[in-house]
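Structure record follows, encoded as structure tokens.
Per chain, numbering begins at 1; letters A, B, ... match sequence-line order. No experiment lies behind these values; they were computed from the predicted model shown.
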There are 2 protein chains.
Amino acid sequence: MHKMDFQTFTKRYDISLERICRDIFRSRDKTIRIKKEETAVKNLTLILDAALNLSVEKGFDAMTLRDLQSRSGLSMGCLYSYFSGKEALLHLMQYQGRNLVRDVLHEVLKDEAIPQNKLEIAIRAHLYLSERMHKWFYFSYMETKNLGREEARKAIESELLTEAIFVDILDEGKQKGVFFFTDARLVAAIIKAMLQDWYLKRWKYKKRQIGVEEYAAFLITFTGKALGHFPSDLMSGTASPNHSSAGGEQI
Amino acid sequence: MHKMDFQTFTKRYDISLERICRDIFRSRDKTIRIKKEETAVKNLTLILDAALNLSVEKGFDAMTLRDLQSRSGLSMGCLYSYFSGKEALLHLMQYQGRNLVRDVLHEVLKDEAIPQNKLEIAIRAHLYLSERMHKWFYFSYMETKNLGREEARKAIESELLTEAIFVDILDEGKQKGVFFFTDARLVAAIIKAMLQDWYLKRWKYKKRQIGVEEYAAFLITFTGKALGHFPSDLMSGTASPNHSSAGGEQI
DNA sequence: GTCTATATACCGATAGAC
DNA sequence: GTCTATCGGTATATAGAC
């Protein structure tokens with residue numbers, strides 16, 4: 001998928017809360033007591049939407065099930081038909097978010113061979129994903145520390161997997177003589193840090209009216225220069241205007 | 001302060017928990033009911049040490065005052081002689097950490113004139129500070145969202161102040177023709193993101209045996225290349241060995 | 001499937017003995 | 001200055017009516 005921008009990205013991949021909830025229902029029929037798919041998906045959407053918003057506002061820990069009750073419009077008893085407890089809800093959301101990110105990242109890269117293009121695509125896909133699923137990314141990052149032993153291990157594994165994608169691209173580019181650096185893992189680590197800043201410091205970029213396309217172009221130029229590779233059409237530093245909300249409502 | 005490394009940094013600046021607690025006692029004699037300085041500083045040190053460790057382990061919200069009681073060795077009633085409530089403790093710690101960082105950053109930069117050196121010093125000082133006060137930095141970052149309206153405003157102000165230091169250095173370098181970029185605030189923002197990665201993803205760098213000197217050298221080289229400025233003695237990419245623990249126990 | 005009502009436990013905070 | 005004992009409030013979770 002070349003010459004990708006935010007709009008074509010959101011059109012190509014169905015990243016909606018409803019779709020995620022349907023995936024959850026189909027893969028977790030044991031822990032969810034409700035039988036009818038339509039009812040289950042509708043209520044799951046209400047629950048996850050409320051839980052995401054409350055978690056971003058005040059933190060998952062500070063969110064009480066009474067908050068979740070009133071925000072979702074469902075009752076206490078009804079909530080417990082969809083998950084076995086507050087902790088199970090946390091794990092459910094973390095798990096589903098991780099898998100979606102992993103799948104999309106592999107999907108966008110699968111038909112590309114040129115390292116410079118791969119790097120640009122991986123950066124853009126990660127930024128676009130976190131733009132589309134901003135609350136989800138913010139939530140996943142902030143609540144990692146509250147996970148239990150086994151779940152924390154999976155979160156770390158996921159972090160390293162994303163990084164490994166960048167390490168592979170960098171090493172390939174180094175071998176082909178288009179990237180210049182000494183330690184691929186260090187470069188991948190700070191690329192990841194810069195990607196994460198986009199959703200962790202969203203308030204800052206929003207206040208400065210910097211959109212996702214502009215940030216993407218800047219990041220690609222900056223890393224390109226640092227790696228000794230200069231993307232031809234981006235060196236001017238001019239970026240597209242802000243249309244960060246072109247892809248519909250954020251989830 | 002030129003040719004700064006971690007060891008000389010920690011020797012030059014007294015960044016100990018005891019010193020911070022003494023500052024707190026002297027500046028807050030109204031909210032602390034204890035009169036004798038020796039007693040007060042001793043117990044404050046116990047309290048803050050326990051609070052920092054518990055917050056990093058499970059989060060400030062999840063930490064109960066009973067946890068704090070057993071970890072510090074003091075009783076419930078005694079704790080309340082040192083702060084008026086859990087929220088006041090949070091604000092106290094945030095406030096004191098912010099001020100120390102602000103003061104040290106201004107101190108290290110005050111006698112330097114060359115932009116390239118300024119950039120290197122600012123990067124090193126921030127990394128060394130966060131290395132020395134790792135728990136403090138991690139705590140400050142993670143608990144920002146739990147602050148009240150007014151305190152959150154101060155935290156944001158502090159974030160932007162640190163960034164402004166980098167913006168000034170970058171603009172000066174651009175004017176003098178040694179740095180090349182289009183938007184100083186974007187560059188400063190991602191430099192900050194890379195600095196923060198050092199204390200937010202500490203587990204990763206520790207596992208890979210990357211010390212603070214090595215990370216500092218890498219960051220300076222990477223940003224130097226991206227800005228079109230090549231530090232002469234760092235281009236080889238070779239870095240000092242890991243002596244991240246040379247400066248005593250972390251706080 | 002969804003609701004209300006309630007059980008049980010633990011939180012932050014304080015009063016008052018020592 | 002420091003302790004123990006306890007209050008009032010609220011959390012998660014469940015039982016059983018509809």
Side-chain angles (χ1 to χ4, degrees), chain A residues 21-22 24-25 28-48 50-51 54-55 57-93 143 146-148, chain B residues 21-22 24-25 28-48 50-51 54-55 57-93 143 146-148:
Chain A
C21 289
R22 200 171 295 275
I24 291 174
F25 175 77
R28 303 229 165 187
D29 34 319
K30 287 147 198 168
T31 56
I32 297 174
R33 284 211 300 272
I34 281 54
K35 298 295 168 209
K36 281 203 309 194
E37 180 164 327
E38 290 317 303
T39 315
V41 171
K42 179 175 68 74
N43 285 342
L44 262 178
T45 307
L46 290 172
I47 292 169
L48 290 197
L54 284 163
S55 293
E57 286 167 25
K58 51 156 70 179
F60 187 84
D61 246 49
M63 172 190 82
T64 72
L65 293 186
R66 282 177 174 79
D67 293 331
L68 193 58
Q69 179 192 12
S70 60
R71 184 72 69 99
S72 68
L74 300 170
S75 66
M76 279 296 261
C78 190
L79 291 180
Y80 274 87
S81 300
Y82 291 88
F83 50 83
S84 61
K86 201 184 171 188
E87 202 176 303
L89 176 62
L90 175 61
H91 294 165
L92 171 68
M93 293 169 74
E143 305 304 334
N146 299 332
L147 297 171
Chain B
C21 289
R22 200 170 294 276
I24 291 173
F25 175 76
R28 302 229 167 189
D29 33 318
K30 287 148 199 168
T31 56
I32 296 175
R33 284 211 301 270
I34 280 56
K35 297 296 169 207
K36 280 203 310 196
E37 180 164 327
E38 290 316 303
T39 315
V41 171
K42 180 176 67 75
N43 285 342
L44 262 178
T45 307
L46 289 172
I47 293 169
L48 290 197
L54 283 164
S55 292
E57 286 166 26
K58 50 156 71 180
F60 188 84
D61 247 48
M63 173 190 81
T64 71
L65 292 187
R66 282 175 176 79
D67 293 331
L68 193 58
Q69 180 192 11
S70 60
R71 184 72 69 98
S72 68
L74 300 170
S75 66
M76 278 299 256
C78 190
L79 292 180
Y80 273 86
S81 301
Y82 291 88
F83 50 82
S84 61
K86 202 184 171 188
E87 202 175 302
L89 176 62
L90 175 61
H91 293 165
L92 171 69
M93 293 168 74
E143 304 305 334
N146 299 332
L147 297 170

Checklist entry - If the sugar-phosphate is the primed atoms plus P, OP1 and OP2 and the base is the rest, what is the B/S/- string for nucleotides 4-18 of chain C, using protein heavy atoms under 4.0 Å? => result B------BBBB----
Item to check | A:Ile24 and A:Ile32: CA distance, side-chain angles, deciding distance, side-chain contact (heavy atoms from CB on, under 4.5 Å) verdict | outcome: CA-CA 9 Å; A:Ile24 291 174; A:Ile32 297 174; 4.3 Å; yes
Checklist entry - Looking at A:Phe60, is A:Lys86 sitting on its ring face, NZ or CZ under 6.0 Å from the six-membered ring centre and within 45 degrees of the normal? => result yes
Checklist entry - Sequence neighbours excluded, which residues qualify as side-chain hydrogen bond (donor to acceptor under 3.5 Å, both in side chains) partners of A:Ser81? => result A:Arg33
Checklist entry - Once you round it to whole Å, what is the distance between C1' of D:dG1 and CD of B:Glu37? => result 17 Å
Item to check | Atom pair distance, as rounded to whole Å: CG in B:Leu68 and C1' in D:dT2 | outcome: 15 Å
Item to check | Stepwise side-chain contact (heavy atoms from CB on, under 4.5 Å) check, B:Thr31 with B:Leu92 | outcome: CA-CA 10 Å; B:Thr31 56; B:Leu92 171 69; over 6 Å; no
Item to check | A:Glu87 CD: over 12 foreign heavy atoms closer than 6.0 Å | outcome: no
Checklist outcome for this item: Atom NZ of A:Lys42 and atom C1' of C:dG1 are separated, to the nearest Å, by 10 Å
Checklist entry - Whole Å only: how far is the CG atom of A:Leu46 from the C1' atom of C:dG1? => result 14 Å
Checklist entry - Do NZ/NE/NH1/NH2 and the carboxylate oxygens of B:Glu38 and B:Arg22 come within less than 4.0 Å? => result yes
Checklist entry - Just to confirm, is there a sub-4.0 Å distance from OP1 or OP2 of D:dT2 to any side-chain nitrogen or oxygen of B:Tyr82? => result yes
Next on the checklist: Just the rounded figure in Å: distance from P of C:dG1 to CG of A:Leu74.
Outcome noted: 14 Å
